[in-house]
A.B. asks: 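Can you keep this structure in mind? I'll have questions shortly.
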Amino acid sequence: MSASTRIRAVKGMHDVLPQAMARWKRVEALFRDLAERHGYAEIRTPLVEPTSLFVRSIGESTDIVGKEMYSFVDKGEDSLTLRPEGTASAVRAYIEHEIHAQEAVTKWYYIGPMFRRERPARGRYRQFWQAGIECFGDPGPYSDAEAIALLVEVLRAIGLSELEVVVNSIGSRSSKERYRQALVEFLKPHKEALSLESQRRLETNPLRILDSKDPKDQAICKNAPAILDFLSEQDRAHFESLCELLARLGIESRVDPHLVRGLDYYSRTLFEVRGKGGELGAQNALAGGGRYDELVEALGGPPTPAIGFAMGIERILLACENTQEGPSLDVWVATPDPSLLPCVLELLTLLRRDGIRADADLRGTSLRSQLRRAQKKGVPFVLLLGPEEEAKSTFRLKDMEGHSEEEIPQSALFFELKRRLPKRSPSAL
RNA sequence: GUGACCGUAGCUCAGCCGGUAGAGCAUCGGAUUGUGGCUCCGAGUGUCGCGGGUUCGAUCCCCGUCGGUCACCCCA
């Protein structure tokens with residue numbers, strides 16, 4: 001088939017091939033394990049939600065809602081959208097199932113794909129995976145610190161070193177509103193000097209001007225009023241104790257008053273983790289999150305404080321050095337005589353039934369080729385079954401690393417194998 | 001979405017001033033009729049991303065398009 005007619009993956013979407021899955025599973029398993037150790041339980045929500053859910057939560061004026069959503073009309077009825085992030089769905093589920101009536105504090109985690117129609121680049125895909133947590137019902141600041149601590153624990157366990165943890169507070173709604181007005185007042189006289197994009201944002205989303213990368217904008221913003229000066233007494237106390245808690249937990253962090261995240265629902269605590277290592281390009285935000293104390297109520301639930309974060313799995317994999325993977329098989333079975341393939345297949349079945357990861361080349365190829373395959377797959381042991389062994393009811397057990405082999409009676413097979421194979425447990429990844 | 005660069009075998013890439021393609025790695029087979037890592041021998045695949053234009057002739061030049069990458073934007 002010619003390349004032009006061949007069907008390919010959609011732009012910005014990619015396959016994770018089996019050879020990469022070991023690394024993915026390791027990250028997922030570490031996240032799961034640590035989240036559960038912190039009292040979080042997994043939730044799975046649909047990939048498709050009513051469009052209005054995202055418009056009402058993420059915000060009409062945000063880039064995500066304004067230009068990045070995969071939305072479609074379902075058979076002439078409702079407008080549906082492929083989820084661009086996880087929090088909105090979790091909040092919807094929290095409200096829909098009246099979880100607040102069942103427990104005071106709810107801690108959920110999720111892993112799954114998200115969809116945003118952006119221009120693809122390294123570390124930025126149109127379908128990408130996020131692992132995240134949401135904690136409902138605890139106003140903080142201890143739960144803020146706990147969430148950030150979990151995030152840092154996960155990244156550390158994955159093996160990421162050079163991390164930068166950035167925190168900020170944008171206050172609760174009234175503080176945020178007072179600051180927004182002050183910022184607009186300050187920026188208005190400079191309007192002509194701002195970048196075009198920021199001039200537009202002055203109307204739609206002035207806080208976003210703060211983290212503009214345009215040098216002109218940055219120069220102006222340097223003298224802008226700081227949001228931390230506009231926090232209410234309670235907001236400031238909340239943020240200060242969060243900073244103290246982080247220090248106490250040994251989490252190095254930097255306060256960046258210009259950290260403003262692109263979703264409208266945030267209030268008070270905001271944080272982001274950036275990476276430096278590996279093959280990470282310009283997309284160095286590995287994880288981000290914050291508090292969204294007003295969102296549950298805004299979507300029709302009872303007033304419920306909440307905090308959460310999400311981390312991008314592809315970016316984390318880019319950021320960490322390639323780790324060495326262990327073999328994916330324990331034993332390879334080989335035979336010089338294709339007429340013994342029925343015995344080989346039977347042996348495989350027994351081995352597998354006993355929990356041993358075993359495979360063989362069942363095509364009847366040369367012994368040499370069978371051993372080459374075993375070698376290439378990094379299998380530590382080969383069981384050789386030929387006419388001679390068959391006649392004596394033995395196997396040749398070949399140690400591929402030690403270059404040694406010995407003859408063992410068939411009756412001692414499992415004992416000998418178990419003795420040699422390293423202990424494996426599902427979580428020991 | 002804007003600007004720029006790139007696109008040759010499964011992978012990494014070479015290919016001069018336009019004359020329709022090569023290397024290394026990988027794969028498979030053999031040297032060793034029942035033994036893997038080294039060595040040696042052999043085998044194969046490309047509509048040179050796709051479409052159009054210029055030309056006697058295009059992998060090479062031009063236009064478009066698709067994909068990737070970088071910066072902006074934004075974010076995980």
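Letters A, B, ... mirror the listed sequences (proteins, then strands); counts begin at 1.
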A.B. asks: Taking ring-ring contact (aromatic ring centres under 6.0 Å, His included) as the cut-off, I'd like each qualifying pair that reaches into residues 130-151 of chain A, sequence neighbours left out, listed once.
C.D. replies: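 Residue pairs with at least one partner in residues 130-151 of chain A: A/Tyr94-A/Phe136, A/Trp108-A/Phe136.
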A.B. asks: Going by heavy atoms closer than 4.0 Å, what residues in residues 288-296 of chain A are next to RNA chain B?
C.D. replies: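 A/Gly288, in order of number.
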A.B. asks: Check side-chain contact (heavy atoms from CB on, under 4.5 Å) between A/Arg173 and all other residues, then give those that pass, not counting sequence neighbours.
C.D. replies: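 A/Arg173 satisfies side-chain contact (heavy atoms from CB on, under 4.5 Å) with A/Glu294 once adjacent residues are dropped.
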A.B. asks: At their closest point, which heavy atom of A/Tyr110 faces which heavy atom of A/Ala310, and how far apart are they?
C.D. replies: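 Taking every non-hydrogen atom into account, OH-CB, 3.6 Å.
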A.B. asks: Which value, in whole Å, describes the distance between the P atoms of nucleotides B/rG44 and B/rA23?
C.D. replies: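 About 12 Å, rounded to a whole number of Å.
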A.B. asks: Could you please name the option among B/rG34, B/rC75, B/rG29 that lies closest to any side-chain atom of A/Arg315?
C.D. replies: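 Between B/rG34, B/rC75, B/rG29, the one nearest the side chain of A/Arg315 would be B/rC75.
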A.B. asks: Look at A/Arg122 and B/rG68 and indicate whether a side-chain polar atom (N or O) is within less than 4.0 Å of OP1 or OP2.
C.D. replies: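 Negative; the distance criterion is not met.
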A.B. asks: With sequence neighbours excluded, give me every side chain to side chain donor-acceptor pair (under 3.5 Å) pair touching residues 9-18 of chain A.
C.D. replies: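 Every side chain to side chain donor-acceptor pair (under 3.5 Å) pair that includes a residue of residues 9-18 of chain A, provided the two are not neighbours, is A/His14-A/Glu314.
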A.B. asks: Provide the distance between the two P atoms, one in B/rU35 and one in B/rG29, to the nearest whole Å.
C.D. replies: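 One P to the other, the span is 15 Å.
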A.B. asks: Is a salt bridge present between A/Asp354 and A/Lys418, judged by a nitrogen-to-oxygen distance below 4.0 Å?
C.D. replies: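 Result for this pair is yes, salt bridge flagged.
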A.B. asks: Rounded to whole Å, please give me the gap between CG in A/Leu318 and C1' in B/rC70.
C.D. replies: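 Whole-Å distance recorded here is 15 Å.
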A.B. asks: Do any N or O atoms of the protein come closer than 3.5 Å to N or O atoms of nucleotides 3-11 of chain B, and which pairs are they?
C.D. replies:
unit_1: B/rG3; atom_1: O6; unit_2: A/Arg119; atom_2: NH2; d: 2.9

A.B. asks: Which whole-number value in Å describes the distance from A/Asn284 CG to B/rC70 C1'?
C.D. replies: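 Answer to the nearest Å: 15 Å.
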A.B. asks: On the nucleotide B/rG36, are OP1 or OP2 found under 4.0 Å from the side-chain N or O atoms that A/Arg368 carries?
C.D. replies: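 So the side-chain polar atoms of A/Arg368 do come within 4.0 Å of the phosphate oxygens OP1 or OP2 of B/rG36, strictly under.
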A.B. asks: Rounded to whole angstrom units, what separation is found between the CG atom of A/Leu371 and the P atom of B/rG34?
C.D. replies: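 Value for this atom pair: 12 Å.
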A.B. asks: So does A/Arg124 reach the base of B/rC73 with its side chain, donor to acceptor, closer than 3.5 Å?
C.D. replies: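 When only heavy-atom distances are counted, A/Arg124 does reach the base of B/rC73 through a donor-acceptor pair under 3.5 Å.
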A.B. asks: Do the side chain of A/Glu118 and the base of B/rA76 come within less than 3.5 angstrom through a donor-acceptor pair of N or O atoms?
C.D. replies: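 Checked by distance alone, the answer is yes.
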A.B. asks: Can you pull the ring-ring contact (aromatic ring centres under 6.0 Å, His included) pairs that have at least one residue in residues 29-68 of chain A, sequence neighbours excluded?
C.D. replies: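 Output for this query lists A/Phe31-A/Tyr109.
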A.B. asks: Tell me, please, which residues at least two apart from A/Thr51 pass side-chain contact (heavy atoms from CB on, under 4.5 Å).
C.D. replies: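 A/Val55, A/Met69, A/Ser71, A/Ser79, A/Thr81.
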A.B. asks: Answer yes or no for this row: A/Trp129 ring on B/rA76 base, centroids under 5.5 Å, planes under 30°.
C.D. replies: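 One would not call A/Trp129 stacked on the B/rA76 base.
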A.B. asks: Where each pair must be Watson-Crick or G-U wobble with both distances under 3.5 Å, what dot-bracket representation of RNA chain B is obtained, with crossing pairs in [ ] and other-strand partners as |?
C.D. replies: (((((((..((((.....[..)))).(((((.......))))).....(((((..]....))))))))))))....
A.B. asks: Just the rounded figure in Å: distance from C1' of B/rU69 to CZ of A/Arg126.
C.D. replies: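 Rounded to whole Å, this separation is 14 Å.
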A.B. asks: Expressed as a whole number of angstroms, how long is the span from A/Leu384:CG to B/rU35:P?
C.D. replies: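 So the two atoms are 10 Å apart, to the nearest Å.
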A.B. asks: Under the side chain to side chain donor-acceptor pair (under 3.5 Å) definition, can you give me all pairs with a residue in residues 175-188 of chain A, not counting sequence neighbours?
C.D. replies: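 Sorted pair list: A/Ser175-A/Asp235, A/Glu177-A/Arg180, A/Glu177-A/Gln181.
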A.B. asks: Would one find more than 12 heavy atoms of other residues, nucleotides or ligands at under 6.0 Å from atom CZ of A/Arg44?
C.D. replies: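 Incorrect, the count does not exceed 12.
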A.B. asks: Does a distance-only test, which skips hydrogens and angles, find a donor-acceptor pair under 3.5 Å between the side chain of A/Glu405 and the base of B/rG34?
C.D. replies: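 Result: no qualifying N/O pair found.
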A.B. asks: Among residues 55-72 of chain A, which residues get a heavy atom nearer than 4.0 Å to RNA chain B?
C.D. replies: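 RNA chain B contact set from residues 55-72 of chain A: A/Asp63, A/Glu68.
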A.B. asks: Going by salt bridge (charged side-chain N to carboxylate O under 4.0 Å, His left out), name the pairs with one or both residues in residues 392-403 of chain A, residues two or more places apart or in two chains.
C.D. replies: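 Counting only pairs at least two positions apart or across chains, the salt bridge (charged side-chain N to carboxylate O under 4.0 Å, His left out) contacts touching residues 392-403 of chain A are A/Glu389-A/Arg396, A/Lys392-A/Glu407, A/Arg396-A/Glu405, A/Arg396-A/Glu407, A/Lys398-A/Glu405.
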A.B. asks: Quick one: are A/Glu146 and A/Asp138 in side-chain contact, heavy atoms under 4.5 Å?
C.D. replies: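 Contact flag for A/Glu146/A/Asp138 side chains = no.
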A.B. asks: Would you check if there is a donor-acceptor pair between the side chains of A/Ser143 and A/Arg291 at a distance under 3.5 Å?
C.D. replies: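 Note: A/Arg291 and A/Ser143 side chains meet the donor-acceptor criterion.
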A.B. asks: Using the test side-chain contact (heavy atoms from CB on, under 4.5 Å), find all partners of A/Leu151 that sit at least two apart in sequence or belong to another chain.
C.D. replies: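 Result, side-chain contact (heavy atoms from CB on, under 4.5 Å) vs A/Leu151: A/Leu155, A/Phe271, A/Val273, A/Ala287, A/Phe309, A/Met311.
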A.B. asks: Just N and O in the side chain of A/Ser366: are any of them under 4.0 Å from OP1 or OP2 of B/rG30?
C.D. replies: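 Affirmative; the distance criterion is met.
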A.B. asks: A/Glu272 CD to B/rA76 P: how many Å, rounded?
C.D. replies: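 Between P of B/rA76 and CD of A/Glu272: 7 Å.
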A.B. asks: Between A/Glu85 and A/Arg261, does at least one N-O distance fall below 4.0 Å, as a salt bridge requires?
C.D. replies: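 Salt bridge absent between A/Glu85 and A/Arg261.
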